[in-house]
Amino acid sequence: MEVSSVQRLCLHLISAAFQRCRVSEDLCRLSVVLKRSSDSDPSTVRISISDTGIGTSLEEFQGLKFSREVFDAEKWDGVLNVQTTNIGDDEIYHYHLNLRESNSVRRLTRLPSNPKNGAKFSGTEIYLSISESIDVFLAEVIRFFQKILVLKIPNVAIELVAEEGGVPGSQYRKVFLANECNPVPFSASNVERLKSGLEDYVMKHGNSLHRKCDSCFPNWEHLKVGSGRACCAESHRSAGLQMEVVIIVSEISETSPCFRSSSAETEVLYFKDFSPCPITQSSLTALTNIDWKSYGLVLKSIAVQGGYTALEWENLPPNIHIDMVLHCYHKQYQFTPPGQKTRSNRNLIKKAAKLALEDLKEKHAGAFLSAHALKICSYAPDLARTIAGLILSSNDSEFQEECFSILGLQSQNIINEIVEDSIQQKIISVIQMNDGKPLRSKEAASSFLFEDERLQEPNIQEEEYDAGELVFSSLDF
């Protein structure tokens, strides 16, 4: 759906209110009320966006710029009314902003303030009136909140109310709670919240349900979750850029009433500084350049339309679906006016995505193997059968005892199938462990086919190299 500039402004104001709540140390409420007038102008919708966060800064409004087409369409008169106060203020300040005014000094008018009479609280309310279909705008706001729940910020409760003036029973009211379904502790890291939030998003079919879909996800075993995090070193030019990627692979029975025929398509959710937004070109380039074949996936195409981004796969089974979320943010909160470009790093995105894929592969043995590894695995039964034949046909009992010991088998009542199965499992295990490793690691491991413990010893030099890759200088931007 094409989103108008007025709608983008409203979503930006909602996002800014969410940020004020997020950075507060207290439990906060974000409320959005849409109300259609019932008197002289029934086409007008009054929008109120209020929060109990830290209080707003006028800098958030001074840099707002919009094309003249927004005002010429007569959907909005360009006026914002703002009430705000911080915890340490003695008054509630009122402002009238006319964004039609090109001069940033003249666009702001300060109105009389109200005393707080010693009360200690903070918050902001912004309201404006637009000529727009309340149903169209309501759908956009609902979708925005469904996405923002993926961040799983536990201290913010969101309320959305829509009301047709003078029409009995026309009120729509919905509360969005981050910890409603699968709670995470307040002390959880951002990436842990992102993992839990995407799990909820998947099991509630895009957060369109109040609870997880039991017919598709009767238990958690149907989800495979991987996460990766990469960061850029802090400097005077950067507040420390963080990139987090979470990938979930879900398996849904084809008999499920919610079975999606478009399972070969992956929606990519993108967040920038804790706000949902269209994916950046650098992120698209990074996703395109990932060696997906190393993880048994073949990327067919990437489609971007109206803020929706989808990856299409060539080889996914119809009952498998992949969901992905990318979150790029700064360690220190930075206000970014709408339309202002921020620096990005495709290498950072690519690294975080690769770590998420490696996490999936490590947690789920046998899954996400490269096409090359799958081809090698196909030869494992014949190789195991040949080795088992050599062992069992040997006349050297001491040699046989040593082979059985390495395989973890007792020498009594040994049959050919048991030996074959054990050898095949060992071969496939080594292939899985070495899939995707540098060639030097594979060569070192080839002589330890039956020594699992030695294969699992960490390569200190390689770990140091990987850790170094996680940190990028600001000169990379």
Side-chain angles (χ1 to χ4, degrees), residues 221-222 224 226 247 249 251 254 264 290-299 313-320 322 354-463 465-466:
E221 296 177 359
H222 289 73
K224 296 180 175 68
I247 301 173
V249 180
E251 182 177 351
E254 295 186 33
I290 291 174
D291 184 12
W292 296 102
K293 291 183 179 180
S294 296
Y295 305 94
L297 298 169
V298 180
L299 181 62
W313 312 101
E314 285 189 356
N315 60 334
L316 274 189
N319 64 323
I320 299 298
I322 300 175
K354 180 181 177 182
L355 289 173
L357 290 165
E358 292 292 343
D359 187 34
L360 273 170
K361 180 180 286 190
E362 182 180 348
K363 290 177 179 176
H364 305 281
F368 313 103
L369 293 178
S370 66
H372 182 64
L374 290 173
K375 184 177 180 180
I376 297 174
C377 285
S378 68
Y379 300 123
D382 290 339
L383 180 58
R385 189 177 304 111
T386 301
I387 296 175
L390 291 173
I391 295 173
L392 295 174
S393 63
S394 174
N395 295 322
D396 187 341
S397 60
E398 186 176 339
F399 166 72
Q400 287 185 331
E401 287 289 341
E402 186 175 351
C403 289
F404 296 152
S405 177
I406 291 174
L407 293 171
L409 302 174
Q410 300 294 326
S411 58
Q412 295 83 9
N413 301 321
I414 289 293
I415 60 175
N416 190 67
E417 288 78 7
I418 294 177
V419 178
E420 279 187 30
D421 289 344
S422 180
I423 295 174
Q424 182 175 327
Q425 290 174 11
K426 291 284 186 180
I427 293 172
I428 292 177
S429 176
V430 171
I431 294 171
Q432 292 173 353
M433 275 190 270
N434 285 282
D435 186 34
K437 286 186 178 180
L439 183 61
R440 64 182 184 275
S441 299
K442 295 179 182 179
E443 292 172 348
S446 61
S447 60
F448 302 129
L449 183 60
F450 301 115
E451 297 292 339
D452 292 350
E453 293 77 16
R454 296 176 69 172
L455 276 173
Q456 292 172 356
E457 290 179 2
N459 186 320
I460 302 301
Q461 184 177 359
E462 186 175 327
E463 285 188 353
Y465 175 76
D466 288 343

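Computed from a prediction, not measured in an experiment: that's the story for all the values here.
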How long is the span from the CG atom in Leu409 to the CD1 atom in Ile418, to the nearest 0.5 Å?
7.0 Å

Listed by chain and number, what are the side chain to side chain donor-acceptor pair (under 3.5 Å) partners of Lys293, not counting sequence neighbours?
none

Under 3.5 Å, side chain of Ser429 to main-chain N/O of Gln425, donor-acceptor pair present?
no

Rounded to the nearest 0.5 Å, how far apart are CD of Glu420 and OG1 of Thr386?
8.5 Å

Do you know which two heavy atoms are closest between Ile428 and Cys377, and how far apart they sit?
CG2-SG, 4.3 Å

Which heavy atom of Ile247 sits nearest a heavy atom of Ala356, and at what distance?
CD1-CB, 4.0 Å

Correct closest heavy-atom pair for Val419 and Phe404 would be CG2-CE2, 4.1 Å

Which value, rounded to the nearest 0.5 Å, describes the distance between Leu390 atom CG and Arg385 atom CZ?
13.0 Å

Taking C-beta and beyond as the side chain, do Ile290 and Leu299 meet within less than 4.5 Å on heavy atoms?
no

So with a 6.0 Å cut-off around CD of Glu314, is the heavy-atom count from everything else above 12?
yes

Between Gln400 (side chain only) and Ile391 (backbone N and O only), is there a donor and an acceptor less than 3.5 Å apart?
yes

Reported OG-to-CD distance for the pair Ser405 and Gln410, which is rounded to 0.5 angstrom
9.0 Å

Rounded distance [0.5 Å steps], CD in Glu401 versus CD1 in Ile406
12.0 Å

Over all heavy atoms of both residues, which pair between Ala388 and Ile423 is shortest? Give the atoms and the distance, please.
N-CD1, 3.7 Å

Residue Phe399 excluded, over 12 heavy atoms near CZ under 6.0 Å:
yes

Nearest atoms (heavy-atom pairs only) where Gly389 meets Ser393:
O-OG, 2.6 Å

Heavy-atom closest pair, residues Gly226 and Asp359:
CA-OD2, 3.4 Å

Rounded to the nearest 0.5 Å, how far apart are CG of Leu360 and CG of Leu355?
11.5 Å

